[in-house]
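Report on the following structure.
Reminder, nothing fancy here: chain letters follow the sequence lines and each chain counts from 1.
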Amino acid sequence: MDDLLSGLRMPERVAPGALFLPGYAASIEREALRGIAAICALAPPHHLLTPGGRRLSVAMTGCGAFGWHSDRAGYRYVSRDPVSGRPWPAMPRSWRDLAREAAERAGYPGFEPQSCLVNRYDTGARMGLHRDCDEDDLTSPVVSVSFGVTAAFLFGGAERHDPVRKLAVESGDVLVWGGPSRLAYHGVAPLPRRTHSLTGPLRWNLTFRRVTHRQGP
DNA sequence: CAGTACCA
DNA sequence: CCCT
């Protein structure tokens, strides 16, 4: 009966090149949350500033060869954590494998992510509609994995004013977009005040990307 | 508030 | 040439 109320929770093509995979990461939920804690101990999440000087409501850190950073100087990928000056923590093998397998399932075989952005959403945190356009390699997809409190993921189109689909992303859900959807606008509605048995009030999101082309580091 | 900008 |  819950299925009738909450949706069928079956893999669903949300747009050309975009596939929603409910529960695809559920089996690594606990391990992933331990990994997130370990990464946060080495590279604590913090609220980045936009080039315009505004503070993002989402707290960010990351792992892998490249991490995302923004400040007054602009948006970019960097190979060291600007806070610590050290390289980003290693990307856990199980995360990389999961992202690769989800990408393959969505029709993007051979995905080798170089960056995993770790986003922490506290109650009320949101991500405005935007598109991921700062990667050199736009042939690789984006793989987004959610843990913790359920959020409303907004998935639009190539134009800012294209209609937006609202997807309830639960803990363990995965969304992959690439090909004709690679530059689709997307975002996250303000996180509701809820609790999850493993994360309390928080939602964690892992976003895997390839930053450079194959010959890159 | 993840496009940081068209000299009107 | 978006208007968060």
Side-chain angles (χ1 to χ4, degrees), chain A residues 14-15 17-18 20 36 39-40 43-83 88 91 99 113-149 151-167 169 173-193 201-212:
Chain A
V14 302
F20 180 48
I36 288 169
I39 287 165
C40 291
H46 63 284
H47 299 272
L48 298 175
L49 295 180
T50 70
R54 316 190 86 115
R55 195 185 94 127
L56 300 184
S57 61
V58 176
M60 300 184 171
T61 181
C63 62
F66 296 96
W68 175 251
H69 189 64
S70 74
D71 55 24
R72 305 310 294 257
Y75 305 110
R76 61 203 181 272
Y77 285 94
V78 291
S79 50
R80 288 174 176 271
D81 177 3
V83 174
W88 298 97
M91 189 186 303
Q114 296 169 312
S115 172
C116 174
L117 181 59
V118 175
N119 288 331
R120 191 194 69 212
Y121 289 74
D122 300 78
T123 303
R126 64 164 81 182
M127 183 69 70
L129 263 197
H130 69 283
R131 41 185 190 177
D132 294 11
C133 57
D134 291 297
E135 300 76 29
D136 293 331
D137 185 355
L138 295 176
T139 68
S140 291
V142 178
V143 177
S144 171
V145 183
S146 298
F147 295 111
V149 171
F153 194 98
L154 311 171
F155 196 88
E159 315 285 326
R160 179 172 282 279
H161 293 295
D162 284 346
V164 171
R165 285 203 49 186
K166 188 182 289 190
L167 299 168
V169 288
D173 289 353
V174 177
L175 183 63
V176 181
W177 64 97
S181 283
R182 179 60 179 75
L183 294 176
Y185 279 91
H186 60 280
V188 177
L191 193 72
R193 173 173 271 106
L202 304 180
R203 169 182 186 251
W204 292 95
N205 177 70
L206 308 179
T207 309
F208 298 86
R209 300 181 185 83
R210 185 159 187 91
V211 176
T212 67

query: With a non-hydrogen cut-off below 4.0 angstrom, is Leu117(A) in contact with a base, only sugar-phosphate, or nothing?
result: base

query: Can you list the steps and then say if Asp71(A) with Arg76(A) is a salt bridge (Lys or Arg N to Asp or Glu O under 4.0 Å)?
result: CA-CA 9 Å; Asp71(A) 55 24; Arg76(A) 61 203 181 272; 2.8 Å; yes

message: I need the CZ-P distance between Arg72(A) and dA2(B), as an integer number of Å.
response: 15 Å

- prompt: If we ignore angles and hydrogens, is there a donor and acceptor under 3.5 Å between the side chains of Arg203(A) and Ser146(A)?
  reply: yes

query: When all nucleic acid strands are considered with a 4.0 Å heavy-atom cut-off, which category describes Arg76(A): base, sugar-phosphate, or nothing?
result: nothing

- request: Send over the distance from Tyr121(A) OH to dA2(B) P, rounded to a whole Å.
  value: 9 Å

List every contact pair, protein side and nucleotides 1-4 of chain C side both N or O, where the distance is under 3.5 Å.
unit_1: dC2(C); atom_1: O3'; unit_2: His161(A); atom_2: NE2; d: 3.4
unit_1: dC3(C); atom_1: OP1; unit_2: His161(A); atom_2: NE2; d: 2.9

query: Distance between the C1' atoms of dC1(B) and dA5(B), in whole angstroms?
result: 16 Å

task: Give Leu48(A) one of three labels, base, sugar-phosphate or nothing, depending on what nucleic acid heavy atoms sit under 4.0 Å from its own.
output: nothing

statement: Closest non-hydrogen atoms of Ala15(A) and Phe155(A), given as atom of the first, atom of the second and distance, are CB-CE2, 3.8 Å

query: dA2(B) C1' sits how many Å from Arg131(A) CZ, rounded?
result: 12 Å

task: Using whole Å, report how far CG of Leu154(A) lies from P of dC1(B).
output: 15 Å

- prompt: Ignoring hydrogens and geometry, is there a side-chain-to-backbone donor-acceptor pair from His69(A) to Gly67(A) under 3.5 Å?
  reply: no

task: In whole angstrom, give the distance that lies between atom CH2 of Trp68(A) and atom C1' of dG3(B).
output: 11 Å

field: Asn205(A) CG - dA2(B) C1' separation (whole Å)
entry: 14 Å

query: Within this structure, what is the NE2-to-P distance between His47(A) and dA2(B), rounded to whole angstrom?
result: 13 Å

- prompt: Can you name the salt bridge (charged side-chain N to carboxylate O under 4.0 Å, His left out) partners of Arg126(A), sequence neighbours left out?
  reply: none

message: Of the options dT4(B), dG3(B), dA2(B), whose atoms approach the side-chain atoms of Arg209(A) most closely?
response: dA2(B)

query: Taking Thr61(A) for the side chain and Ala43(A) for the main chain, is one N or O donor matched with an acceptor at less than 3.5 Å?
result: yes

- prompt: Rounding to a whole Å, what distance do you find between Asp162(A):CG and dG3(B):P?
  reply: 16 Å

message: If I compare all heavy atoms of Ala65(A) with all of Trp88(A), which pair ends up nearest, and what's the gap?
response: O-CD1, 4.3 Å

